[in-house]
Trainee: 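Take this structure, written in structure tokens, and hold onto it; I'll ask about it next.
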Amino acid sequence: MNATEIAEAIEILAEQPFDAAEFPYAFLEAFGRKPTEIKRLRSGNTNKSDLGGVLQRNHIHIAVTAPGEVTHTLTALRDSPATAKAKAKFILATDGDMLEAQDLASGDILSCPYPEFAEKFGFFLPLAGITTIPQLRESSFDIRATRLFNKLYLELLQDNPDWDTAARRADMNHFMARLIFCFYAEDTSIFHPSYPFTGTVEKMSERDSSNTHEVIAELFRAMNTRKENHEAQGIKSWARPFPYVNGGLFGGSLDVPRFNKSARNYLIHIGGLNWTKINPDIFGSMIQAVADDEERGALGMHYTSVPNILKVLNPLFLDDLRAKLEEAGDNKVKLLNLRKRMAKIRVFDPACGSGNFLVIAYKEMRKIEAEINQRRDETDRASDIPLTNFRGIELRDFPAEIARLALIIAEFQSDVLYRGQKLALAEFLPLDAQNWIVQGNALRLDWLTVCEPTGKGGGKIFADDLYGAPLDQAKIDFENEGGETYICGNPPYIGATTKAPKGASKETKARLKREAEMRKADLEAVFRGRIDAWKSLDYVCGWLMKAADYGKVENSAAAFVSTNSICQGEQVFRFWPSIIKDQLRINFAVTSFSWKNLAAKNAGVTVCIVGISRQSGMAKLYSGKDDTVRDVPNINAYLVPYHDVYVENKSKPIQGLQAVVNGSKPADGGGLIFDADIAHQLRSEAGEEFQVIRPFFGAHDATHGEGRYCIWASKAQYEALKDLPGFQKRFDIVAEMRNESDKELTKAGADSPYAFQQVRQRGNETVFQIPRHSSEEREFFPVATLPKGAIVGDGGFAFFDPPLWNIAVLVSKVALSWIATVCGKIKTDYRFSNTLGWNTLPVPPLTEKNKADLSYCAEKILLAREAYFPATIAELYDAEKMDEQFPELRDAHAANDEVLERIYIGRRFKNDTERLEKLFELYTKMTGKKAA
DNA sequence: AATCCGACATCTA
DNA sequence: TAGATGTCGGATT
């Protein structure tokens with residue numbers, strides 16, 4: 001369930017008469033607990049309450065009490081041993097009159113009259129697994145408003161099918177934005193309190209809703225007509241008290257869709273909410289989903305939390321402004337200069353969505369300005385920061401509309417906060433008529449026409465020249481001589497390839513493919529002629545490239561939240577050399593952290609933040625893991641504090657190591673791989689004559705020592721076995737999957753369903769398996785030995801008959817830190833690659849003695865593992881167990897690292913930073929490249 | 001023919 | 001329900 005669904009369920013519950021016996025179950029149901037869970041609780045099987053209430057393990061302890069006993073009961077719940085034992089997150093007591101609850105993790109207490117708890121449902125959201133964004137818990141208003149808007153929107157579209165066309169969606173979106181403005185305006189005295197918007201609509205429209213659209217249209221007409229013209233234009237007398245708003249908001253078509261009865265009810269209900277509680281940033285990200293069929297289910301998926309936004313904005317420019325404020329102290333001239341500077345700062349988000357970044361940037365700058373004005377005793381002074389300096393580009397119409405509205409609301413809120421309601425109101429209307437949020441495709445638009453160059457120079461000519469063809473021109477032209485421009489945002493994260501979900505329909509697949517093609521064309525428009533392999537770049541690279549281009553003309557700096565893969569593996573050397581040049585460099589970065597949004601299920605994505613500018617001096621490197629900062633001389637494209645080095649993939653090891661090969665890829669839909677039972681059956685079916693079943697190891701199989709089996713047959717063997725029922729079943733699975741595939745190679749393989757798509761196995765050698773993916777929690781790469789004749793699947797790499805000293809290198813800390821840095825990753829876990837990591841690993845020249853010493857170390861490691869038989873690789877290399885349970889193995893690895901690192905620098909490395917510095921240094925020497 | 005990557009996909013402890 | 005590992009198509013070399 002998502003937050004709006006919960007809001008709805010809770011509202012329904014609160015409206016019903018209180019039923020003491022049913023309440024706990026109804027409550028749990030409203031938060032999305034499954035009917036089977038609730039059934040088991042009812043039967044008492046899983047109910048652990050020791051107070052006659054309902055206690056669900058890991059969730060909540062609820063007790064319904066006698067009248068007046070609520071507070072007392074809450075204390076009893078808190079002290080109950082059962083509460084602690086079941087690890088309840090919440091306790092809740094109610095008598096149907098009052099309701100009290102506590103979040104045991106934070107200690108926060110909720111206490112309110114029973115009927116009001118529906119408004120406070122945000123408090124309990126962690127129960128539904130929505131725990132990650134604290135702001136959401138305080139945003140009950142935004143969720144409820146969004147839910148009702150959702151209903152209204154769908155109701156209107158259903159009743160006005162002509163508005164549900166591509167051509168009119170923009171009108172519809174514009175209409176919704178006007179409504180939001182009116183609701184906000186009537187609750188904040190922007191409209192005169194005696195003439196409320198909702199009240200007027202309710203009063204003037206028929207109860208059967210028939211003329212609702214006419215009433216609203218008349219009100220909109222009033223807001224689009226200057227006061228002095230109201231009479232001449234024949235505005236109805238009841239609409240005349242409404243002010244002239246315009247600002248583009250009420251320009252254009254003033255058509256209003258028809259309202260049926262329930263639409264009218266929703267409208268009145270929404271108007272009844274308290275709109276002063278709106279959070280422009282959160283509300284925007286939620287409401288934008290309303291107009292998007294795809295996103296409606298995944299509410300808030302585009303929300304970037306305020307702390308995450310500040311991770312971009314603070315290092316980009318806000319920290320500097322604050323430092324300058326600090327520096328200025330009470331010096332009025334310095335303060336004035338800072339204010340003048342701020343008035344010319346433009347913040348530009350070329351992927352602005354509903355304007356989160358712009359709103360937060362605006363609010364933070366107003367905060368600084370307010371401090372300046374206070375120190376200069378000018379607290380009444382109107383803000384010098386023009387709202388129009390907060391520019392954006394957004395592809396979708398509705399969010400673009402909302403972004404402008406969110407900024408308008410943020411401006412009003414800031415005025416109220418720093419200058420008082422009276423001054424805020426006096427200067428608020430009419431709105432500025434200019435539209436400074438551009439609806440368009442950011443990768444196609446010429447950014448210089450959205451943010452005109454501040455000095456002299458032919459921006460447009462430059463841009464045409466650069467991209468080979470004229471770009472779309474937005475033509476926003478404001479004076480801003482001598483200003484600074486800060487580009488920021490959270491562009492869409494789309495990798496070079498995306499996987500369609502397994503069960504996706506043909507239509508879904510086709511749509512995804514179409515979208516992918518459009519994005520490719522966008523990237524081509526940016527990169528054609530500059531980077532050959534543009535098709536393998538993430539979509540965000542387009543934004544970074546355009547920001548870099550913009551920076552060549554304009555005094556600007558840019559920072560984006562980005563998929564972390566642009567700073568890993570193959571994208572690094574493909575992409576970054578085009579960015580880091582001409583004095584442009586990474587002047588700050590936040591390393592990988594996992595993304596959070598408002599959706600109940602967070603997108604499983606790991607991101608980083610990269611800031612680029614021409615600023616020299618020290619760079620700031622923030623850790624995404626622990627929020628620490630380091631001042632470093634340079635940050636390279638791997639987000640490592642070292643010179644700019646690019647490690648390119650190599651097809652063979654460049655340092656005399658033996659080649660590691662990929663495991664064999666089945667591409668079989670699971671047909672060729674099976675467990676021991678099936679293997680047994682197939683063996684007896686085939687008989688002694690046919691030895692076609694072999695042990696098969698993926699990474700999991702090898703690290704957990706379990707192993708599956710696979711069919712490993714020749715064509716002749718296949719012909720002989722294919723009609724046996726057991727075998728036929730396996731081959732059918734393979735043929736079917738391959739026939740359905742879009743990939744030519746796979747399709748072709750449907751004719752030979754006995755064979756793996758890619759075969760790397762050779763004979764019956766000793767084989768070590770290196771997992772393709774391994775958890776970053778491990779201190780050593782869990783390389784495993786496999787039984788003879790085993791097949792290495794494509795979950796890993798195979799090392800056939802390796803010299804033991806190669807194994808010593810492979811399992812060393814040196815190799816691991818190199819792999820961790822220059823290979824790709826999955827989330828933040830290691831992803832081994834032979835071409836990127838192994839073949840490029842810098843190793844100093846080794847004497848025979850060195851090799852013998854290393855071989856001895858490898859042997860000791862293998863012996864130590866055997867000594868702990870039957871512990872699996874997974875257990876042996878569990879960082880938490882190693883010290884206590886497997887000390888010999890730990891010692892053997894320590895000895896191995898000691899010997900190897902002495903070869904590198906004559907002693908152990910102090911830490912990974914030192915390891916990497918040495919490795920990059922050697923790599924630079926080895927490849928004859930100069931460190932920049 | 002080999003290899004990398006996934007606003008990933010899917011298991012399992 | 002999060003941590004660990006799986007899997008295949010599209011693209012590049």
Side-chain angles (χ1 to χ4, degrees), chain A residues 58 129 131 295 298 301-302 304 490-504 509 512-513 516-517 520 531-540 561-566 568-572 574 594-597 599-607 648-652 659-670 673 697-704 706 708 737-738 740-747 749 757-760 771-778 782 793-797 823-839 874 878:
Chain A
N58 291 327
T131 52
E295 282 177 28
M301 70 188 277
H302 288 281
T304 308
N490 180 175
Y493 309 152
I494 315 282
T497 59
T498 39
K499 280 171 82 168
K502 212 175 180 181
K509 280 187 179 169
L512 291 175
K513 203 167 176 179
E517 275 164 15
K520 292 286 181 204
I531 293 182
D532 292 337
W534 54 266
K535 276 190 181 174
S536 51
L537 300 180
D538 279 14
Y539 203 35
V540 270
V561 186
S562 156
T563 36
N564 62 352
S565 55
I566 71 166
Q568 296 162 1
E570 63 175 4
Q571 291 203 60
V572 173
R574 297 227 162 107
S594 70
W595 191 239
K596 304 270 193 285
N597 59 28
K601 266 195 218 152
N602 268 303
V605 58
T606 310
V607 296
E648 291 192 35
N649 50 352
K650 287 276 177 288
S651 58
K652 287 190 187 124
V660 165
V661 298
N662 249 299
S664 300
K665 180 171 176 173
D668 63 339
I673 320 291
F697 288 84
H700 181 268
D701 305 309
T703 41
H704 292 81
E706 282 153 7
R708 285 172 290 168
M737 175 265 159
R738 290 185 182 173
E740 304 245 308
S741 169
D742 281 341
K743 184 169 169 161
E744 285 301 315
L745 185 64
T746 309
K747 258 192 151 56
Q757 181 174 85
Q758 284 164 336
V759 175
R760 314 297 153 89
R772 181 179 306 282
H773 305 127
S774 176
S775 165
E776 65 164 345
E777 297 301 321
R778 298 203 178 106
D794 78 332
F797 289 78
C823 291
K825 289 200 166 180
I826 192 154
K827 310 258 178 197
T828 52
D829 290 336
Y830 308 125
R831 175 175 226 155
F832 185 87
S833 152
N834 48 0
T835 58
L836 280 167
W838 182 245
N839 295 350
D878 182 327

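Chain naming here is simple, since letters A, B, ... match the order of the sequence lines and numbering starts at 1 in each. Given the structure is predicted, the values throughout are model-derived calculations rather than measurements.
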Trainee: Given that A:R760 and A:I566 both sit by DNA chain B, which one's nearest nucleotide is further toward the 5' end?
Mentor: A:R760
Trainee: Please work out if A:G669 contacts a base, only the sugar-phosphate, or nothing of the nucleic acid, heavy-atom cut-off 4.0 Å.
Mentor: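 Contact class for A:G669: sugar-phosphate only.
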Trainee: A:H700 NE2 to C:dG3 P: how many Å, rounded?
Mentor: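 Rounded to whole Å, this separation is 16 Å.
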Trainee: Give A:K747 one of three labels, base, sugar-phosphate or nothing, depending on what nucleic acid heavy atoms sit under 4.0 Å from its own.
Mentor: nothing
Trainee: May I ask you to check whether A:S565 and A:D538 show a side-chain donor-acceptor distance below 3.5 Å?
Mentor: yes
Trainee: Given the rule that a pair is Watson-Crick or G-U wobble with both distances under 3.5 Å, how would you write DNA chain B in dot-bracket, using | for pairs to a different strand?
Mentor: ||||||.||||||
Trainee: Evaluate the side-chain proximity of A:W534 to A:R574: yes if any heavy-atom separation is below 4.5 Å, no if none is.
Mentor: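 Not in contact.
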Trainee: Do A:T746 and A:E740 come within less than 4.5 Å of each other through their side chains, counting heavy atoms only?
Mentor: no
Trainee: Of the nucleotides B:dC8, C:dA4, B:dT3, which one has an atom closest to the side chain of A:E777?
Mentor: C:dA4
Trainee: From C-beta outward on A:R831, which listed nucleotide comes closest to its side chain: B:dC8, C:dT5, B:dC5?
Mentor: B:dC5
Trainee: Parallel, tilted or perpendicular: which fits the ring planes of A:F797 and A:F832, with parallel below 30° and perpendicular above 60°?
Mentor: perpendicular
Trainee: Answer with base, sugar-phosphate or nothing: what part of the nucleic acid does A:D668 contact at a heavy-atom distance below 4.0 Å?
Mentor: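 The residue A:D668 makes sugar-phosphate contact but no base contact.
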Trainee: Under 4.0 Å between a side-chain N or O of A:T703 and OP1 or OP2 of C:dT5?
Mentor: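 A:T703 to C:dT5 OP1/OP2: side-chain N or O found under 4.0 Å.
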Trainee: Given atom CZ of A:F832 and atom C1' of C:dG6, what is their separation to the nearest angstrom?
Mentor: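 Nearest whole value for this atom pair: 18 Å.
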Trainee: Output the single nucleotide from B:dA7, C:dT7, B:dA2 whose closest atom is nearest the side chain of A:R708.
Mentor: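 Shortest atom-to-atom distance from the side chain points to C:dT7.
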Trainee: A:D878 has an atom CG; how far is it from atom C1' of C:dA4, in whole Å?
Mentor: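 About 12 Å, once rounded to whole Å.
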Trainee: When you measure from the side chain of A:R831 to the backbone of A:I826, do you find a donor-acceptor pair of N or O atoms at a distance under 3.5 Å?
Mentor: no
Trainee: Any base atoms under 4.0 Å from A:H773, or only sugar-phosphate, or nothing? Heavy atoms, all strands.
Mentor: base
Trainee: What integer distance in Å separates A:E776:CD from C:dA4:C1'?
Mentor: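 Between C1' of C:dA4 and CD of A:E776: 12 Å.
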Trainee: How close do A:T828 and A:T606 get, heavy atom to heavy atom, and via which atoms?
Mentor: CG2-CG2, 3.8 Å
Trainee: Please list, pair by pair, any protein nitrogen or oxygen found under 3.5 Å from a nitrogen or oxygen in nucleotides 9-13 of chain C.
Mentor:
unit_1 : atom_1 : unit_2 : atom_2 : d
C:dG9  : OP1    : A:S741 : OG     : 2.7
C:dG9  : OP2    : A:T746 : OG1    : 2.8
C:dG9  : N7     : A:K665 : NZ     : 3.3
C:dG9  : N2     : A:T497 : OG1    : 3.0
C:dG10 : N7     : A:K743 : NZ     : 3.4

Trainee: Checking A:T835 side chain against A:S651 main chain: does a donor-acceptor pair fall under 3.5 Å?
Mentor: no
Trainee: Among the nucleotides B:dT3, B:dC5, C:dT5, which one has an atom lying closest to any side-chain atom of A:D829?
Mentor: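 Among B:dT3, B:dC5, C:dT5, the one nearest the side chain of A:D829 is C:dT5.
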Trainee: Are A:E776 and A:D829 packed together at the side-chain level, in the sense that at least one heavy-atom pair is separated by less than 4.5 angstrom?
Mentor: yes
Trainee: Heavy-atom distance under 4.5 Å between the side chains of A:N662 and A:R772, does that happen here?
Mentor: yes
Trainee: Round to a whole Å and report the spacing from CD of A:E706 to P of C:dG6.
Mentor: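 In whole Å, C:dG6 P and A:E706 CD are 11 Å from each other.
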Trainee: Looking only at the side chain of A:R772 (C-beta and beyond, no hydrogens), which of the listed nucleotides B:dA7, C:dG6, C:dT7 gets closest?
Mentor: C:dT7
Trainee: Base, sugar-phosphate or nothing for A:S651? Non-hydrogen atoms, less than 4.0 Å.
Mentor: nothing
Trainee: Given B:dA2, is OP1 or OP2 found less than 4.0 Å from the side-chain N or O atoms of A:N662?
Mentor: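 Checking A:N662 against B:dA2: no side-chain N or O falls below 4.0 Å of OP1 or OP2.
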Trainee: Expressed as a whole number of angstroms, how long is the span from A:D538:CG to B:dC5:C1'?
Mentor: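 Those two atoms, CG and C1', are 9 Å apart.
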Trainee: On a heavy-atom basis, which atom in A:S562 and which in A:I566 lie closest, and how many Å separate them?
Mentor: OG-CD1, 3.1 Å
Trainee: With respect to the phosphate group of C:dT5, does any side-chain polar atom (N or O) of A:R778 fall under 4.0 Å of OP1 or OP2?
Mentor: yes
Trainee: Could you give the distance separating B:dA7 and B:dT3 at their P atoms, to the nearest angstrom?
Mentor: 23 Å
Trainee: Taking NZ from A:K825 and C1' from B:dC8, how many angstroms apart are they, rounded to a whole number?
Mentor: 17 Å
Trainee: Between C1' on C:dC8 and CG on A:D794, what's the gap in Å once rounded to a whole number?
Mentor: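 So the CG-C1' distance, A:D794 to C:dC8, works out to 8 Å.
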Trainee: For A:H700, give me all partners under ring pair (Phe, Tyr, Trp, His ring centres under 6.0 Å), at least two apart in sequence or on another chain.
Mentor: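 Checked A:H700 against ring pair (Phe, Tyr, Trp, His ring centres under 6.0 Å); matches are A:H704.
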